[in-house]
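The structure under discussion appears below in the form of structure tokens.
First listed ligand is number 1; within each ligand, the first listed atom is number 1. We're numbering straight along the sequence, starting at 1. No experiment lies behind these values; they were computed from the predicted model shown.
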Amino acid sequence: MALKEDWADLWIKSMLAAGGTFRMQLTLGCVLIFLTSVSCSGLAPRSLKLEYCVSFWAKKITCYWNPLLDMGPETTYRLHITEEAGRCQMDFGHTRSCAATQGGSACSVPVENLFAFYKINLTAESRGIQVSAPEMCIHGMSIVKLSAPEVSIAEANKSRCFYLEWNIPGDEVLSVLETEYEIQFRDVAETSWMQVNLTLSENAPGFANICHVAPFTNYSVRVRAKYLHEVSFAISGGRPPWSDWSGERFVRTLPEVPSTGPALWRKLGHSDGYGNRVVVLMWKPLTPKEANGEILGYSLHSQKRGEPAMLQCFTPNLQCSLLLPAREEFTFFVVATNMVGMSPPTKLVVPPSGGQEALLSPLPILVSPAGDHSLLLRWPLPSNPVTVYIFEWGQLPAKEGRDISWHYQPASVGHALITEAIKPGKLYELKVFTLVDGKIWASGSTSAYSKQIAPLRAPTLYPVRVWKSRVELQWEILPLEERGGVIRNYTVFYKKEGDNEHTAVVLDSSVHGYLIEGLAPSSAVTVFITVANDGGSTDGPVLTIHTKDSDYGETEILSSVLCVGFLFILLAGSLACLWKHQLLRKYLWPPIPDPAKSNLATWAPQKCVW
Ligand SMILES: *[C@@H]1O[C@H](CO)[C@@H](O)[C@H](O)[C@H]1NC(C)=O
Ligand SMILES: *[C@@H]1O[C@H](CO)[C@@H](O)[C@H](O)[C@H]1NC(C)=O
Ligand SMILES: *[C@@H]1O[C@H](CO)[C@@H](O)[C@H](O)[C@H]1NC(C)=O
Ligand SMILES: *[C@@H]1O[C@H](CO)[C@@H](O)[C@H](O)[C@H]1NC(C)=O
């Protein structure tokens with residue numbers, strides 16, 4: 001390589017030195033002569049080298065090399081192999097050869113006997129230029145590549161172990177003592193292999209007991225072999241290569257009892273008229289690494305203070321619903337059962353209803369969005385010996401029967417990422433509980449959006465009072481579900497008759513009314529409202545309101561409104577007034593509903609002119 005760079009350097013320098021065409025031709029000629037003499041004397045533009053050779057019991061030797069790129073694709077490679085007497089002191093047999101073309105990088109030559117040294121030569125030839133690799137002298141037995149082993153037995157007959165047996169086909173080794181093995185295995189659910197290196201100490205079929213593996217796990221196993229050559233061969237240069245890997249075999253290890261109990265939590269109902277309440281006990285399935293076998297079912301026991309535990313449920317499901325006295329404390333235990341046995345129990349104490357929550361130490365939680373569909377919760381690690389965290393979340397407003405999700409997290413971390421049942425534009429209430437020995441010890445709560453989106457609609461806008469030159473507007477408070485985020489501001493747009501542009505007034509989110517002044521009597525004003533949160537803004541429909549021609553007596557609604565919503569409110573308002581009218585009330589609605597309980601009543605105008 002260094003030599004070649006020197007030539008390039010020399011050549012460029014010569015070119016620079018060459019002033020005229022004649023001198024240039026002369027220089028080129030010199031370089032060509034130089035190159036030819038170099039190739040004749042055995043030096044090459046790139047050195048050709050035999051990478052390695054392997055021999056097979058089927059009596060052949062295969063050698064590999066890297067094709068020379070700068071000699072072009074038409075290069076022919078020729079491998080010559082000659083059996084030797086002694087350590088390549090004298091040719092013993094005929095030279096046999098094989099050839100590879102078109103960038104080939106290996107070829108094989110048949111041999112009579114592997115128990116001999118071989119002289120190996122490689123040449124490359126292209127357009128009359130020939131390059132040779134340095135000669136090698138290798139003992140046939142020092143480069144033996146065995147056939148891939150065949151695994152005959154792969155079975156699990158001992159806890160956390162599996163047993164393997166294999167052989168090398170075709171009598172390639174007289175004794176397994178002449179071989180070295182590598183066994184690789186992996187959990188089929190994972191990608192990386194674990195390896196055991198092995199040489200056997202007795203002459204039997206190849207076998208191994210692989211232990212300290214996980215229970216009830218499907219392992220994929222493979223084996224490869226290497227001929228153990230004698231030391232005298234080693235100094236002859238070659239090293240036996242590994243055989244190819246055997247085919248993969250699968251073995252499932254034996255099950256064991258579940259290593260841990262399922263995470264347990266509860267959902268509490270309100271107490272009924274008889275002092276009972278529904279308590280739903282819920283648990284999470286074990287991971288395969290915890291279950292150690294197929295889970296057949298879960299059993300739930302309940303225990304009152306000072307009484308023996310009672311079996312409440314045995315079920316394959318993940319919850320069990322009980323009706324229990326609300327004023328008593330219960331301790332629950334859940335265990336998971338597989339074909340081998342039962343997990344340790346998980347304990348949860350449910351205190352009597354009322355009063356308990358207030359006694360708990362508060363736990364401050366920080367919540368931040370971690371994507372459109374996830375929230376990151378963080379809380380300080382308590383100094384007490386906390387065993388587990390439970391957190392639960394559900395959409396706000398908290399309606400009866402809403403879906404609550406929960407998650408269990410072992411101690412020693414102060415954060416959790418929740419991704420289940422989280423949607424953008426919804427407000428979630430989040431609660432964290434710390435449990436020590438099944439008892440709630442601290443809790444905290446907060447609320448958050450994973451992502452704010454524009455409000456689903458604008459609030460309904462309506463005029464409450466209309467004068468000659470003024471209009472008083474109000475708008476509803478949007479229900480939480482429709483806000484899409486935290487409302488920041490409202491913008492009221494209005495346009496007087498004859499104006500070209502709307503006037504915009506931005507109002508704080510706490511304001512729900514606005515007075516438009518300076519209007520002409522008997523004129524039309526068009527209005528609409530826009531509501532904005534950090535996720536965007538939403539426009540409402542346009543209303544047209546007519547001012548009165550004169551102000552007399554009490555203020556009243558006499559506007560013509562092109563909004564169905566307003567007409568509806570007006571109607572509702574009128575109905576509320578009718579209620580007050582004793583005579584009519586008697587004839588129209590003999591069973592009287594309480595107007596104070598109607599939502600519409602709150603929207604009614606303050607006074608009605610009849
Ligand atoms: C497992 O089976 C193999 C053969 O099937 C046997 O040689 C080995 O002793 C067995 N191991 C145990 C622990 O039973
Ligand atoms: C087995 O041999 C390989 C290759 O020599 C080596 O990298 C590995 O560490 C060995 N593994 C063990 C478990 O000894
Ligand atoms: C183990 O996994 C392999 C590959 O996924 C599958 O073909 C085989 O059936 C599994 N064996 C058992 C016992 O589950
Ligand atoms: C109204 O609130 C939105 C959302 O936070 C904000 O982008 C916008 O600038 C606010 N408008 C005014 C005038 O403050």
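Counting only heavy atoms of the protein, atom 9 (O) of ligand 4 lies nearest to Asn489 ND2, 4.8 Å. Distance from atom 11 (N) of ligand 2 to its nearest protein heavy atom, with residue and atom name: Asn197 ND2, 2.9 Å. Closest to atom 4 (C) of ligand 2, if we only count protein heavy atoms, is Glu182 OE2, 4.0 Å. If you check which protein heavy atom lies closest to atom 12 (C) of ligand 3, you get Asn218 ND2, 3.3 Å.
A cation-pi arrangement, defined by a distance under 6.0 Å to the six-membered ring centre and an angle within 45 degrees of its axis, is present between Arg222 and Trp193. Taking the centre and axis of the six-membered ring of Tyr219, the NZ or CZ atom of Arg252 falls outside the cone set by 45° and 6.0 Å.
Ligand 4 has no nitrogen or oxygen under 3.5 angstrom from a nitrogen or oxygen of Asn533.
A salt bridge does not link Lys496 with Glu501: none of the charged nitrogens is closer than 4.0 Å to a carboxylate oxygen. One finds a salt bridge joining Glu256 and Arg160 here, because a Lys/Arg side-chain nitrogen approaches an Asp/Glu carboxylate oxygen to under 4.0 Å. Using a cutoff of 4.0 Å between basic side-chain nitrogens and carboxylate oxygens, Lys145 and Asp244 are scored as salt-bridged.
For atom 2 (O) of ligand 4, a protein heavy-atom neighbour is found at a distance under 4.0 Å. Per-atom contact check: atom 7 (O) of ligand 2 does not touch the protein, criterion being a heavy-atom distance below 4.0 Å. Distance screen at 4.0 Å: atom 14 (O) of ligand 4 has a protein heavy-atom neighbour inside the cut-off.
If you check the gamma sulfurs of Cys161 and Cys211, they are less than 2.5 Å from each other.
Here Trp475 and Tyr462 keep their ring centres 6.0 angstrom or further from each other.
Interface atoms of ligand 4 facing Asp534, defined by a heavy-atom separation under 4.0 Å, are 4 (C), 5 (O). Each of the following atoms of ligand 2 lies closer than 4.0 Å to a heavy atom of Gln195: 1 (C), 2 (O), 3 (C), 13 (C).
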